[in-house]
Amino acid sequence: MRKFTILLVFLLFSGLQVLIAQRVITGKVTSAEDGSSIPGVQIVVKGTMHGTTTDLDGKYRITVPEKSEILVFSYVGMKTQEVKIGTKNVIDVTMS
């Protein structure tokens, strides 16, 4: 019984470590011209294939690995932007 309890605690801590190793970044993408939200902007963690797109209100939510450093924002007809994540959990971007 004691071995089973130790194994169960070990698995619990292992699972928590995987959850802690990631974090959620949210934000909104707007236009520099008129401040309106931009739906369909692609957001990708630089150097990976992990990404998302903005919704109809220009908002996004992406789960990134803890050691991720840069998010890349791209949209057809607008300049691609690279933004450092740092310790931020909310990153709003204005695209031109």
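For the numbers below, each heavy atom of this structure counts, side chains included, while hydrogens, waters and symmetry mates do not.
- Residues Ser74 and Val41 approach most closely at O-CG1, 3.5 Å, considering heavy atoms.
- Side-chain contact between Ile25 and Ile85 is present, with heavy atoms from C-beta onward closer than 4.5 Å.
- Looking at Met78 and Ser31, their side chains come closer than 4.5 Å, going by heavy atoms from C-beta outward.
- For the pairing with Ile62, the side-chain contact (heavy atoms from CB on, under 4.5 Å) check across Val24, Thr52, Ile91 returns one residue only, Thr52.
- Residues Tyr60 and Thr53 approach most closely at CB-O, 4.3 Å, considering heavy atoms.
- Listed for the Asp55 side chain is a donor-acceptor partner under 3.5 Å among the backbone atoms of Asp57.
- Once rounded to the nearest 0.5 Å, the distance linking NE2 of His50 with CD1 of Ile43 reads 11.0 Å.
- Checking side-chain atoms of Asp92 against main-chain N and O of Lys28 turns up a donor-acceptor pair under 3.5 Å.
- Using a 4.5 Å cut-off on side-chain heavy atoms (C-beta onward), Val83 and Ile70 make no contact.
- Panel note: side chain Thr54, backbone Lys59; no donor-acceptor pair is recorded below 3.5 Å.
- Between Met49 and Val44, every side-chain heavy-atom pair lies at or beyond the 4.5 Å cut-off.
- A 6.0 Å sphere centred on CD of Glu69 holds no more than 12 heavy atoms belonging to other residues, nucleotides or ligands.
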Query raised in the report: Does the side-chain contact (heavy atoms from CB on, under 4.5 Å) test come out yes or no for Val64 and Leu71, once each step is laid out?
Result: CA-CA 9 Å; Val64 299; Leu71 290 178; 4.2 Å; yes
Report task. Tell me, with the steps shown, if Glu82 and Lys46 meet side-chain contact (heavy atoms from CB on, under 4.5 Å). Result -> CA-CA 8 Å; Glu82 294 186 2; Lys46 188 172 184 175; 3.0 Å; yes
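- Here the rule is side-chain contact (heavy atoms from CB on, under 4.5 Å) with Ile38, and of Thr94, Thr30, Val29 only Val29 fits it.
- Heavy-atom minimum distance, Ala32 versus Ser96: CB-CB, 3.9 Å.
- In this structure, CD in Gln42 is found 12.0 Å from CZ in Phe73, a value given to the nearest 0.5 Å.
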Query raised in the report: What's the verdict on side-chain contact (heavy atoms from CB on, under 4.5 Å) for Met95 and Lys79, showing C-alpha distance, side-chain angles and the deciding distance?
Result: CA-CA 7 Å; Met95 298 190 74; Lys79 184 178 176 185; over 6 Å; no
**Report entry** From CA spacing to verdict: side-chain contact (heavy atoms from CB on, under 4.5 Å), Thr63, Arg23
**Finding:** CA-CA 6 Å; Thr63 303; Arg23 63 186 181 143; over 6 Å; no
